[in-house]
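This structure is a prediction, so every number in the text was calculated from the model and none was measured.
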Amino acid sequence: MNKTLNRVDYLDNIKALACVLVVLGHFIMSMDASNIVPYNSFTEWFKDTIYLFHVQLFFLCSGFLYIFSVKRKNNYKYPVFVANKLLALGVPYFVFSTITVLMKKLAGDSVNTQADGLLHTLFIEPTAPYWYLYVLFFMFLIIPPIKSKKGISILLAVSFILKIVSVTDILQDISLPYFITGIFSYSIWFVLGMALCIFDFKPLKHRTIIGAAAFAVFTALSAVRYHYGIENKALSFVLGLIAVIGIFLLFSGSTIKSGKITQLLIKYNLPIFLMHTIFAAGVRVILSKIGLNAWYIQVPCGLIATFAGPAIAAFIMNKTKYLEIFLYPTKLIKINKE
């Protein structure tokens, strides 16, 4: 496994997988909401299942890399770190959330979900998929970079308690800020990523086999859950935990090198995450406006736009240099190093 200051190869692969699943989940939902694709039990199960673990994988990777990078810095400074995260997450969050809201306002009834006011969306209730950046920043702001095994064990226990509070709906009658509810729901995955970085799993033999077996169990149980229509937050959490741990062990133990498609997904991971809904919705609306609503036109065109559109846009933004600030602001705006 090759490691650089801020990269771990298998985590890039996990993020690529998570990004593809997030994109497909949103795409399937848009096709369903638009009544373009007829009901299909497999796609419904697939959508229901991936929502148990795909965003959770993003938080896990972020928590892992949080500690991985901090451990390798001799002069870590909290204010500078937070300022960098505010810049790195805040610029794309505000830019692409604003674009999404404006597009929804312009498209009117052609969109599946009407937009709230811009300020409400930016500060009160973020829209998908950008709520992830919103919640993630507050995790970096609130969760300390604990590097000891004892400390991370305590933090893991605290985050687990917060998750229990979330799944039991104890606070459902209390109006809490969005970032608070997000931390209650997702900090367990972020802290779990931190713990996986601190506790070395390299000595664990047969990680790939164990991970594959765990994910197979998850798939079987998720099928049973879907078949019987079981809606239980605690069960969903347990299943998600099995899937996330299984995928982590599977990827971290694998020696298979990334292919060209995976490398492209890794390279354009962030642009695809940020812009996939914009391109997919834009193509869907245009095709609908000209009367091309057949699924065999909408689906392939939508999928191509979903993945290729953001990659092409990112390539152009990179060539123009200063436009890339909307994707990677810290490449152009330098804050004192931690």
Exercise. What is the distance from atom CZ of F248 to atom CG of L60, rounded to the nearest 0.5 Å?
Worked result: 6.5 Å

Distance-only donor-acceptor hits, side chain of residues 188-197, under 3.5 Å, sequence neighbours excluded:
none

Exercise. Hey, are the side chains of F273 and P271 touching, using non-hydrogen atoms and a 4.5 Å cut-off?
Worked result: no

Exercise. Within the distance-only criterion (no hydrogens, no angle test), does the side chain of S187 pair as donor or acceptor with the backbone N or O of F184 below 3.5 angstrom?
Worked result: no

Problem set entry | Side-chain donor or acceptor of T208 paired with backbone N/O of G253 under 3.5 Å | yes

Exercise. Hey, is the main chain of I143 close enough, under 3.5 Å, to the side chain of Y66 for a donor-acceptor pair?
Worked result: yes

Exercise. Would you call the rings of Y134 and Y93 parallel, tilted or perpendicular, where under 30° means parallel and over 60° means perpendicular?
Worked result: tilted

Problem set entry | Under 3.5 Å donor-acceptor, N84 side chain and V80 backbone | yes

Problem set entry | Heavy-atom closest contact (F27 atom, Q298 atom, distance) | CZ-O, 4.2 Å

Seminar exercise, completed: Rounded to the nearest 0.5 Å, the OG1 atom of T330 sits from the CD1 atom of I325 at a distance of 9.5 Å

For this session: Applying side chain to side chain donor-acceptor pair (under 3.5 Å), name anything that partners N269, two or more places apart in sequence or on another chain.
Result: none

Exercise. Who are the salt bridge (Lys or Arg N to Asp or Glu O under 4.0 Å) partners of K267, not counting sequence neighbours?
Worked result: none

Exercise. Below 4.5 Å, heavy atoms only, C-beta onward: do L136 and F140 meet side chain to side chain?
Worked result: yes

For this session: Please name all residues satisfying side chain to side chain contact (heavy atoms under 4.5 Å, CB included) with L86, sequence neighbours left out, ordered by chain then number.
Result: F137

For this session: Verify the neighbour count for atom NE2 of H206: are there more than 12 heavy atoms of other residues, nucleotides or ligands below 6.0 Å?
Result: no

Exercise. Considering residues at least two apart in sequence or located in another chain, which fulfil the side chain to side chain donor-acceptor pair (under 3.5 Å) criterion with H26?
Worked result: H276

Exercise. Are I304 and I290 grouped together when hydrophobic residues (ILVMFWY) are joined by side-chain heavy atoms under 4.5 angstrom apart?
Worked result: no

For this session: Report yes if some heavy atom in the side chain of R284 is under 4.5 Å from a heavy atom in the side chain of I36; otherwise report no.
Result: yes

Exercise. Do L292 and M31 belong to the same hydrophobic cluster, where Ile, Leu, Val, Met, Phe, Trp and Tyr are linked whenever their side-chain heavy atoms lie under 4.5 Å apart, directly or via other members?
Worked result: yes

Problem set entry | Closest approach of P145 to V70 (non-hydrogen atoms, all atoms of both residues) | CB-CG1, 4.0 Å

For this session: Describe, in one word, how the ring planes of F64 and Y10 are oriented to each other, choosing from parallel (under 30°), tilted (30 to 60°) and perpendicular (over 60°).
Result: perpendicular

Problem set entry | Validation row: I242, F53 side chains within 4.5 angstrom (heavy atoms) | no

Exercise. Should side-chain heavy atoms under 4.5 Å link Ile, Leu, Val, Met, Phe, Trp and Tyr, which residues sit in the same cluster as I316?
Worked result: I312

For this session: Enumerate the residue pairs fulfilling salt bridge (charged side-chain N to carboxylate O under 4.0 Å, His left out) with a member in residues 20-36, sequence neighbours excluded, ordered by first and then second residue.
Result: D32-K47

Exercise. Can you find a heavy atom in the side chain of F326 that is under 4.5 Å from one in the side chain of L274?
Worked result: no

Check residues 151-164 and write down every donor-acceptor pair under 3.5 Å in which the side-chain atom is one partner and the other belongs to a residue at least two apart or another chain.
unit_1	atom_1	unit_2	atom_2	d
S153	OG	K149	O	2.7
S159	OG	L155	O	3.3
S159	OG	L156	O	2.8
K163	NZ	S185	O	3.1

For this session: Drop me the distance from T181's OG1 to E125's CD, to the nearest 0.5 angstrom.
Result: 9.0 Å

Exercise. Less than 4.5 Å apart, any side-chain heavy atom of P126 and any of Y178?
Worked result: yes

For this session: For K331, check salt bridge (Lys or Arg N to Asp or Glu O under 4.0 Å) against everything at least two apart and list the hits.
Result: E324

Seminar exercise, completed: For A216, the side chain to side chain contact (heavy atoms under 4.5 Å, CB included) test, sequence neighbours excluded, returns none

Exercise. Do other residues, nucleotides or ligands put more than 12 heavy atoms under 6.0 Å from the OH atom of Y296?
Worked result: no

Exercise. For the residue pair P329 and A88, what are the closest heavy atoms and their distance?
Worked result: CG-CA, 3.8 Å

Exercise. So do F218 and L52 actually touch side chain to side chain, heavy atoms under 4.5 Å?
Worked result: yes

Exercise. In this structure, which one of T168, V238, V167 forms a side-chain contact (heavy atoms from CB on, under 4.5 Å) with K233?
Worked result: V167

Problem set entry | Same apolar cluster: I286 and W295, side chain cutoff 4.5 Å | no

Problem set entry | Full working for ring-ring contact (aromatic ring centres under 6.0 Å, His included) between Y78 and F81 | CA-CA 5 Å; Y78 173 77; F81 175 82; 7.4 Å; no

Seminar exercise, completed: In this structure, CH2 of W45 is separated from OH of Y226 (nearest 0.5 Å) by 10.5 Å

Seminar exercise, completed: Minimal heavy-atom distance between V22 and V55, with the atoms involved, is CG2-CG2, 4.2 Å

Exercise. Atom CG in L327, atom CE in M275: separation rounded to 0.5 Å?
Worked result: 5.0 Å

Seminar exercise, completed: By side chain to side chain contact (heavy atoms under 4.5 Å, CB included), C61 pairs with (sequence neighbours left out) L11, I14, K15

Problem set entry | Interatomic spacing from CD1 in I180 to CD1 in I142 - rounded to 0.5 Å | 5.5 Å

For this session: Let me see the working for S62 and Y132 under side chain to side chain donor-acceptor pair (under 3.5 Å), right down to the final yes or no.
Result: CA-CA 11 Å; S62 296; Y132 165 75; 2.7 Å; yes

Exercise. Taking only residues two or more places apart in sequence or in another chain, which ones pass side chain to side chain contact (heavy atoms under 4.5 Å, CB included) with I261?
Worked result: L265

